[in-house]
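Encoded as structure tokens, the structure appears first; notes follow it.
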Amino acid sequence: MIDIAVKGVTKAFEIDKKILDGLSFEVNSGERVGLLGKNGAGKTTLFRLIVGELEPDEGEIVIGTGRRIGLISQIPVYPANYTTEDVLLSAHARIFELSAKLDKMREAMAAGEKTDMGLYDALSAEFEALDGWNEEVERNKVANGLDIPPAMRAQLFSSLSGGEKTRVNLARLILENTDILLLDEPTNHLDMKATLWLEDYLEHFRGTVLTISHDRYFLDRVVSRIVEINAGRAEFYGGNYSFYAVEKQARYEEQLKKWEQESKEVKRLEDAAARLYQWGTGNEMLMKKSFAIKTRAERVRTVERPDREKKIRGTIGQKEFRADELMVVRGLTKAYGERTLFSGVELLVKGGERIAVIGDNGTGKSTLIGCLLGLTEADDGFVKLGPAVKAAYLPQIVRFADPHLSVLDTAMTEAKWTAQTARNRLGAFKFSGDDVFKPVSALSGGEQSRLRLCILMKDDINLLVLDEPTNHLDIDSREWMEEALSEYGEALLFVSHDRYFINRFATRIWELEDGKLTDWPCGFEEYRERKERMTRVEQVIKTEKRREAKKAAVPSREKRMATLEKRIAAAEEKIAALDADIEANSTDYEKLQELFAAKTEAETGLEALYEEWSELSEEEQ
């Protein structure tokens, strides 16, 4: 069954500039498809077309009959007094509506009023299908998984940050249990734990998923097919991101090879045609042959030269660090009010180390970086940098002194470059032509990060500190940064949730969790394996403790048998007393009925006690 059919869709926002140009593809029910393409390729525009927010200029989009769509990039407007909990509750509006109707019908039945039992059965079946009895459990499960704590659930939705609103909206969509999920960069505002939870949820989700993402680990785990939008049309790859990356390179090389072969043949034919033309002056037959060969040369060309996105050419200047201790941290402590982010941190960093700082949102990773660089005052302890340390810092939120200045003027002002040097450096970072005259305030988050990196790299450094460096970058820009960092051999300290990036570069992990920093002297994969082993061990210990507690709470077999024997003796005495009462009241009919009923009940209870005693006596000593 086809859930989404995109048929020859064309969309343009400017005359003669089509974002989508005859785009066609299908998504089958239950598929997980990744939608890729460079920034501006039309991915988000396509999502808006699918949900009906925009209309195509040509072509059509057909959604499977009765299929419900949820789009994560859309955050609905809620009433001003809505809390986060109200938003989550809105996902179960139909369950609450059904519950109210069923309660009303039950009250009518209890009052003896006539009830449409067919309607009652239909509403009950729908309530069961929506898992109405477990709506609160499911709501708590999703909220916890996406790191929406009770305090946030009590907040006004309007007071949340953009990232928090996105998380809550994702939770609402999941709770609505839609048939088709359109996810536009769903992991952008999620920490690692929430991302893992989402991946696990999507793995068991029975509906269809179409996702735009620059998170390569996420794409590898979630999708089984890639649709790439290139020049307004679809290119197809039958696998996850890793398959796509290898296959795309292979296709490029194959097309380039074919284009080069055709170019050689075209040149050979064109040279032959030119010679015949020169020789054939005054010779009609040779002139005709010349034109025929020229026409043949035009037919030889069947493929276009494969094009690649222009890459950033900038490199990171580096200054070798020769001393033993690049950074020494002793007793570093920081708290806000009663909440301790970290305390008593003891660390030693040597030259050339590559350290990833990881942890859930809000654990204090950026604060730790600030304390290490002297940008944030610690409550206790100290940080000492080696005398030859030359550091550069890319913060999570990039700011410029005057965002109204152009890109060119900003580079000249902050880096003290001449106009020509600035143009050359900016060109290496993909700021060319009229782009350099844009005001900095008009740049996207990724473009601002790129500009800041361009300026940072003017000097030779031996400690590069990055806070969420890949957050606003597309895949091409992430790959450039990774290539640049691969050539950089000095110390690297970075905060990131990008598992692909962490796995590639980290040789040491600093994990912030519950106010404690744990130093893992290993890469990301080994860290994960160790954590999983620890989790399994902790689970075994917890299970054993529960078993011991349960065992301690259960009386010994001997005690239980002694207790049962006392209860049996008491029951037998009670029956004997009832027999005596029956004999004494043999002429009182009403009293006899009462006594016989009591005796029957007592005998039933005694039989149950005998059975329990028998089962217990057969248990192994």
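Since we're looking at a predicted model, the values are computed, not measured. Note: hydrogens, waters and symmetry copies are ignored here, and every other heavy atom, side chains too, is used.
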[X] bridged to [Y] by N-O distance under 4.0 Å:
{"X": "Glu270", "Y": "Arg296", "answer": "no"}
{"X": "Glu482", "Y": "Arg478", "answer": "no"}
{"X": "Arg275", "Y": "Asp271", "answer": "no"}

With the side chain counted from C-beta on, respond yes when [X] and [Y] share a heavy-atom pair under 4.5 Å apart, and no when they do not.
{"X": "Val62", "Y": "Lys7", "result": "yes"}
{"X": "Pro469", "Y": "Met481", "result": "yes"}
{"X": "Leu49", "Y": "Leu20", "result": "yes"}
{"X": "Val142", "Y": "Trp197", "result": "yes"}
{"X": "Ile19", "Y": "Leu46", "result": "no"}
{"X": "Trp480", "Y": "Ile475", "result": "no"}
{"X": "Asp220", "Y": "Arg216", "result": "no"}
{"X": "Leu443", "Y": "Lys438", "result": "yes"}

Exercise. Can you list the steps and then say if Lys430 with Glu447 is a salt bridge (charged side-chain N to carboxylate O under 4.0 Å, His left out)?
Worked result: CA-CA 9 Å; Lys430 290 175 66 176; Glu447 289 170 329; over 6 Å; no
Which atom names give the shortest non-hydrogen contact between [X] and [Y], and what distance separates them?
{"X": "Arg423", "Y": "Gly433", "value": "NH2-O, 4.1 Å"}
{"X": "Arg68", "Y": "Glu176", "value": "NH1-O, 3.5 Å"}
{"X": "Leu492", "Y": "Phe505", "value": "CD2-CB, 4.3 Å"}
{"X": "Leu408", "Y": "Ala422", "value": "CD1-CB, 3.7 Å"}
{"X": "Leu36", "Y": "Lys43", "value": "C-CD, 3.6 Å"}
{"X": "Ala506", "Y": "Ala356", "value": "CB-CB, 3.7 Å"}

Distance-only donor-acceptor check, side chains [X] and [Y], under 3.5 Å:
{"X": "Thr302", "Y": "Glu262", "result": "yes"}
{"X": "His214", "Y": "Asn188", "result": "no"}
{"X": "Tyr527", "Y": "Glu511", "result": "yes"}

Qualifying residue for side-chain contact (heavy atoms from CB on, under 4.5 Å) with [X], from [options]:
{"X": "Phe218", "options": "Thr187, Asp498, Val223", "result": "Thr187"}
{"X": "Leu182", "options": "Thr44, Ile69, Leu173", "result": "Ile69"}
{"X": "Phe205", "options": "Leu181, Val222, Asp200", "result": "Leu181"}
{"X": "Arg251", "options": "Lys248, Gln255, Gln249, Glu247", "result": "Glu247"}

Got a second to check how far [X]'s [atom1] is from [Y]'s [atom2], nearest 0.5 Å?
{"X": "Glu26", "Y": "Asp3", "atom1": "CD", "atom2": "CG", "value": "11.0 Å"}
{"X": "Asp402", "Y": "Thr413", "atom1": "CG", "atom2": "OG1", "value": "8.5 Å"}
{"X": "Asn169", "Y": "Leu160", "atom1": "CG", "atom2": "CG", "value": "11.5 Å"}
{"X": "Lys257", "Y": "Glu253", "atom1": "NZ", "atom2": "CD", "value": "10.0 Å"}
{"X": "Tyr244", "Y": "Arg225", "atom1": "OH", "atom2": "CZ", "value": "14.5 Å"}
{"X": "Ile226", "Y": "Leu35", "atom1": "CD1", "atom2": "CG", "value": "9.0 Å"}

Exercise. Do other residues, nucleotides or ligands put more than 12 heavy atoms under 6.0 Å from Glu525 CD?
Worked result: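 Above 12, so yes.
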Problem set entry | Derivation of the side-chain hydrogen bond (donor to acceptor under 3.5 Å, both in side chains) call for Ser406 and Asp409 | CA-CA 5 Å; Ser406 70; Asp409 288 338; 3.3 Å; yes
Exercise. Stepwise, does the side-chain hydrogen bond (donor to acceptor under 3.5 Å, both in side chains) test hold for Thr507 with Glu353?
Worked result: CA-CA 7 Å; Thr507 56; Glu353 287 197 276; 5.5 Å; no
For this session: Run the numbers on Asp191 and Asp147 for side chain to side chain contact (heavy atoms under 4.5 Å, CB included), then give the verdict.
Result: CA-CA 9 Å; Asp191 57 33; Asp147 192 22; 3.6 Å; yes
For this session: Run the numbers on Arg504 and Ser486 for side-chain hydrogen bond (donor to acceptor under 3.5 Å, both in side chains), then give the verdict.
Result: CA-CA 9 Å; Arg504 181 164 179 181; Ser486 294; 3.1 Å; yes
For this session: Carefully, step by step, assess Leu451 and Phe400 under the rule side chain to side chain contact (heavy atoms under 4.5 Å, CB included).
Result: CA-CA 10 Å; Leu451 176 58; Phe400 294 90; 3.7 Å; yes
For [Y], does its backbone N or O pair with a side-chain atom of [X] as donor and acceptor, under 3.5 Å?
{"X": "Asp434", "Y": "Phe437", "answer": "no"}
{"X": "Asn462", "Y": "Ala388", "answer": "yes"}
{"X": "Glu479", "Y": "Asp476", "answer": "no"}
{"X": "Arg354", "Y": "Gly352", "answer": "no"}
{"X": "Asp467", "Y": "Ser366", "answer": "no"}
{"X": "Arg452", "Y": "Arg399", "answer": "yes"}
{"X": "Thr208", "Y": "Gly30", "answer": "yes"}

For this session: Apply the test side chain to side chain contact (heavy atoms under 4.5 Å, CB included) to residues Ser24 and Val6: give CA-CA distance (whole Å), side-chain angles for both, the deciding distance (0.1 Å), then the verdict.
Result: CA-CA 5 Å; Ser24 296; Val6 179; 5.7 Å; no
For this session: Mind running side chain to side chain contact (heavy atoms under 4.5 Å, CB included) on Ile358 and Ser496 for me, showing each step along the way?
Result: CA-CA 6 Å; Ile358 67 173; Ser496 184; over 6 Å; no
Exercise. Do the ring centers of Phe501 and Phe494 come within less than 6.0 Å of each other?
Worked result: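 Close enough - the centres of the two rings lie under 6.0 Å apart.
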Exercise. With ring centroids as reference points, do Tyr252 and Trp259 lie under 6.0 angstrom apart?
Worked result: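 Not close enough - the centres of the two rings lie 6.0 Å or further apart.
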Exercise. When you look at Asp57 and Thr10, which way does the side-chain hydrogen bond (donor to acceptor under 3.5 Å, both in side chains) test go after all the steps?
Worked result: CA-CA 6 Å; Asp57 299 333; Thr10 297; over 6 Å; no
Problem set entry | Cation-pi, Phe431 ring and Arg450 (6.0 angstrom, 45 degrees) |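 Checked: cation-pi criterion met.
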Problem set entry | Quiz item: cation-pi between Lys11 and Phe13, 6.0 Å / 45° |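 Yes; both conditions hold, so Lys11 lies above the ring face of Phe13.
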